[in-house]
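Lettering of chains follows the sequences in order, A, B, ..., and the numbering in each one begins at 1. Atoms considered below: every heavy atom in the structure, side chains included; atoms not considered: hydrogens, waters and symmetry mates.
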Amino acid sequence: MDEIYKEYNGSIPEKLIGDVKKEVSKVKVTKVQLKEILDRVKKEYEAALISPGEAIGIITAESFGEPATQMTLNVKHFAGVAEMQVTSGLPRLIEIFDASKSIKTPSMEVYLKPEYNKDPAKVRKIASQIKESTLGDISTEFTIDITTMNVKVVIDKTKLKDLGITEDTLVKILKESIKGGVQVRLNKNEIVLKGKESDLHELYVLKEKAKAAFIKGVKEISYVLPVKRDNEFIILTSGSNLKEVMAVKEVDTRRTVTNDIHEIYSVFGVEAARQSIIDESTKVIQNQGLDINIRHIMFIADVMTSNGVIMGITRSGITGGKESVLARASFETPIKHIIGAALRGEEDYLNSVVENVILNQPVPLGTGLPKLIINSMNKKEKEKEK
Amino acid sequence: MTDVFLDEKYLGKIEDKKEFIERLKKERREKLFLSTLNFYYNAEFDELYLNVCDGRARRPLIVVENGKSRLTAEHINRLLNDEIAWGDLIKEGSIEYLDAGEEENSLTALTESDLTSEHTHLELGAITILGLTTSLVPYANYDAAARLNGGSKNQKHALGLYLANYLLRMDTDVSMLHYPQMPMVKSFMADVSKYSKHPSGFNVVIAEMCYEGYNMEDAIVFNKSSVERGLARSTYFRPYTIEELRYSGGLMDEIGIPNKEVKGYRTEKDYRYLENDGIVYTGQKLKAEDVIIGKTSPPRFLGEMEEFSFSVSIRRESSAVVKHGEAGTVDMVVLTENEEGNKLVQARLRDQRIPEVGDKFTSRHGQKGVIGLAAPSVDLPFSGSGISPDIIHSPHSIPNRMTVSHLIEILAGKVGGLSGRFVDGTTFDAEPEKNLRQELLDLGFRDDGTEIMYNGVTGERYKVRIYIGNMYYLKLKHMVANKLHARASGRIQLLTRQPIEGRSKGGGLRLGEMEKDCLVAHGASLLLKERFDSDKTVIHVCENCGLLAVNDSFRSRQYCTRCGDNVEINAVELSYAFKLLLDELKSMCINPKLMLGDKY
């Protein structure tokens, strides 16, 4: 049996052979039948292959472009339901394909390990641990006392309790996180901050500084929302910090994701980033009720990540990396490219589509792809050559 | 203390603004000379603006006092008996005009039943919320707002009797409908605006059904026999103007039949319809490119050299010619002078437009469409009584647009046509559908407006009953005859050698960026090349330096101006636009070299 499989190695991808193996093992099959099966699989596989010279790039572009024209308008909103405000539709799609470094609404879907994800109270507690808390979040009042030249902060005790911190530890934390020789001391319900300098402006700066002072949680995570999904509770966040969230012991690191592709790239590498591009764009498209074949999305993701780094489809990314001067010039900032080409003495081999359209030559695609090879030597000359 | 302004000028202060305003109101309602006064109290700044100036848009409203309208049933009766008129109502103070400012301080009820003691005014009628054209739409309160917008916009494009003195005028691009009719289902506004004096449509028998797919996607099927009987015919007018201009140096244009020596002389045949004064005679039928008014102009630029040369005396041809793709009969010729005292000749062409496939029509409900087929009436469905429709409109145009008024008008039109009367379809105030149905039943028809009909081609009875009735239709000014355009070869631009743009000049149709992408996506590489061949040229390239070489086809010799003729020079075929790009790069001190390779 294995010999037969080996025979098809190379003509059918390994994964398909594996699939066939799995299915065949469930039933009894003779060698002749197996061969028949594999032959048919091979036929189907070959029929599904794209023929050489197919303009997959443009077909992908058109497959995205056509439905994208309908996207702007029909935005669905779920009124009344607590939802995270996430960029969607065309702006998000542009964000993904441009591979922009700072996305508008970074957010995470934090999955928890099975033992923690059933009890909503527990989940809420974990969520509040993940959330970045500042002094401003847990206090009710900030006052500047001009007579003593210090800042007084009234602490909300219930919020403090939720975080599981005592007032003494809070003082300790504050001493660490507010830098610049600031004195922190506890006075009944208040925390009194006293800066080095004693002019009013400095005091005001100190107050703002104190408001943003980090107390507990994961940085960047500004908002958390526990949500029930299927049979478990997950935590949606606004703001993203994959590395540190995964360090929290209750978090299921295998399923937790962020929508920041660059962050995924830096944490998991380029393959994960590719998958993330696919997932994120699929999400947008499905959200809009559109249907674009996954292969187009995969193709774009492949192109964007094939260099080992994420490259956006911009003039500084993929398009700007094109070999042909004319192709680059016809996309954006033509003068810059032409002058640059002149300075460097670039050559254009007219290998792709745009250049040939400009020159009115057949484009090297479809019917324009095949070339004629003629052996210009006749028989006698050939023999001489030998 | 409240500041008072009259026409934006400071007047003074008042103490009791409430009493002052009440008095103003009272005085205005009692004395006619104050009736143009409007006032607006701005509570935020405690300022009172009185306005009597020109240019304020004002509208009439019924005055309400203590929750009761001052216009009573008695007034109406006296109005109907011609005992009083509109002006008396204003004089009496039961109707007053408000401007935009005073409306801010008033509360207006839409109907009398809405009145409370808070209200200060009452609308004259619910229909006043609509504009002129929108209130012409019958049963508009059964319509979606978007369709109403479209419907009233379409009415502005309708052909009709736009002016009574059209025969004396030289309007550009206008049409006259031949037999405009009053709509059978009319609205209150039709009476007010004297629509019967200048109607812009015609009543047709319309059936809501599909016809062999010729009325899908908003197309309509026309009854060819109705068209031959004169349905929806119109005349299109187009004036041609020529001025005899004076130039510096005592030179001037000359209207007349041009000499054969004239530069740009057409053929003798083109001038054959001109009389001795160089102008066509009325009643002559002209085709495209025929000369209407002959004219010659002095040469354009007088260079130093040319002053002595022979060619100076040669004048230019500058006649008025019937536009590309147009034709018609000379309707009127006018000889006059313009403001500068130059001789001015105008000739108006008239062209009868019979409805044809592609002409645009609409009902008054935003259901516009173009003719998809003009079928002879023998092929059209007919009812038991032998009626076949003038227009077949597709029922698929109805559900998602929700133009219920379109359907009601058909029913109302049927009642009107059968009983020989006008039906009042005024929005909010129309004859109710229920009554119309009853009347239709009494007339011996089904009350839902459907009829059993027969296939005109096979004679078979349709399995379903067809909704058929009468309706007011409009012919819109967009006619294919003015839009049809195709070109094989023709004029090109001097700079790029690509076809010129625009229908009037016989230009090309652009195959754009996205259309190009479609051909690429299909892999139709050679077809794509052929489509972009409009500016292809053969250029000779010096293989040594990569620049353009000179091709002396006289001596059949090629040489490079830099490398001489001892180098290999080859011809390549490419787009002229690219050659132009190379030239422009060179002009910017960038030296693009062409390196030739084998084609295959």
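- Interatomic distance, CD of B:Glu584 versus CD1 of A:Ile338, reported as 9.5 Å (0.5 Å rounding).
- Side-chain atoms of A:Thr367 come within 3.5 Å of backbone N or O of B:Ser525 as a donor-acceptor pair.
- Proximity to chain A is absent for every atom of B:Glu530, based on heavy atoms less than 4.5 angstrom apart.
- Contacts between B:Leu581 and chain A at a heavy-atom distance below 4.5 Å involve the side chain alone, from C-beta outward.
- For chain A, no part of B:Lys579 is nearby; none of its heavy atoms comes within less than 4.5 Å.
- Within 6.0 Å of atom CZ in A:Arg295, 12 or fewer heavy atoms from other residues, nucleotides or ligands are found, so the atom counts as exposed in its surroundings.
- At most 12 heavy atoms of other shown residues, nucleotides or ligands fall within 6.0 angstrom of atom CD in A:Glu271.
- Nearest approach of B:Ala521 to A:Glu54, heavy atoms of both residues: O-OE2, 4.0 Å.
- Residues A:Ala342 and B:Ile590 approach most closely at CB-CG2, 3.6 Å, considering heavy atoms.
- In this structure, B:Gln493 places its CD atom where more than 12 heavy-atom neighbours from other residues, nucleotides or ligands lie under 6.0 Å away.
- Enclosure of atom CD in A:Glu46 by more than 12 non-hydrogen atoms of other residues, nucleotides or ligands within 6.0 angstrom is indicated.
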(message) Under the criterion side chain to side chain contact (heavy atoms under 4.5 Å, CB included), I'd like the reasoning laid out for A:Leu326 against B:Phe578: C-alpha separation, chi angles, the key distance, then a yes or no.
(response) CA-CA 11 Å; A:Leu326 290 172; B:Phe578 183 67; 4.1 Å; yes
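- If you measure heavy-atom distances from B:Ala524 to chain A, the contacts under 4.5 Å come from the backbone alone.
- Within a 6.0 Å radius of NZ in B:Lys360, more than 12 heavy atoms belonging to other residues, nucleotides or ligands are found.
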(request) Tell me, with the steps shown, if A:Gln361 and B:Ser575 meet side chain to side chain contact (heavy atoms under 4.5 Å, CB included). (result) CA-CA 8 Å; A:Gln361 304 296 319; B:Ser575 63; over 6 Å; no
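- Residue B:Leu519: no heavy atom, backbone or side chain, is found under 4.5 Å from chain A.
- Using non-hydrogen atoms only and a strict 4.5 Å limit, the part of residues 343-355 of chain A facing chain B consists of A:Glu347, A:Val353.
- The number of heavy-atom neighbours closer than 6.0 Å to CZ of A:Phe64, taken from other residues, nucleotides and ligands shown, is above 12.
- Residue contact with chain A, scored on non-hydrogen atoms closer than 4.5 Å, involves the backbone and the side chain of B:Asp533 alike.
- A distance of 8.0 Å separates OG of B:Ser534 from CG of A:Asn360, quoted to the nearest 0.5 Å.
- The local environment of NZ in B:Lys586 is crowded, with over 12 non-hydrogen atoms from other residues, nucleotides or ligands closer than 6.0 Å.
- For B:Met216, the CE atom sits in a loose shell: 12 or fewer heavy atoms of surrounding residues, nucleotides or ligands are nearer than 6.0 Å.
- Contact annotation for B:Cys589: neither backbone nor side-chain heavy atoms come within less than 4.5 Å of a heavy atom of chain A.
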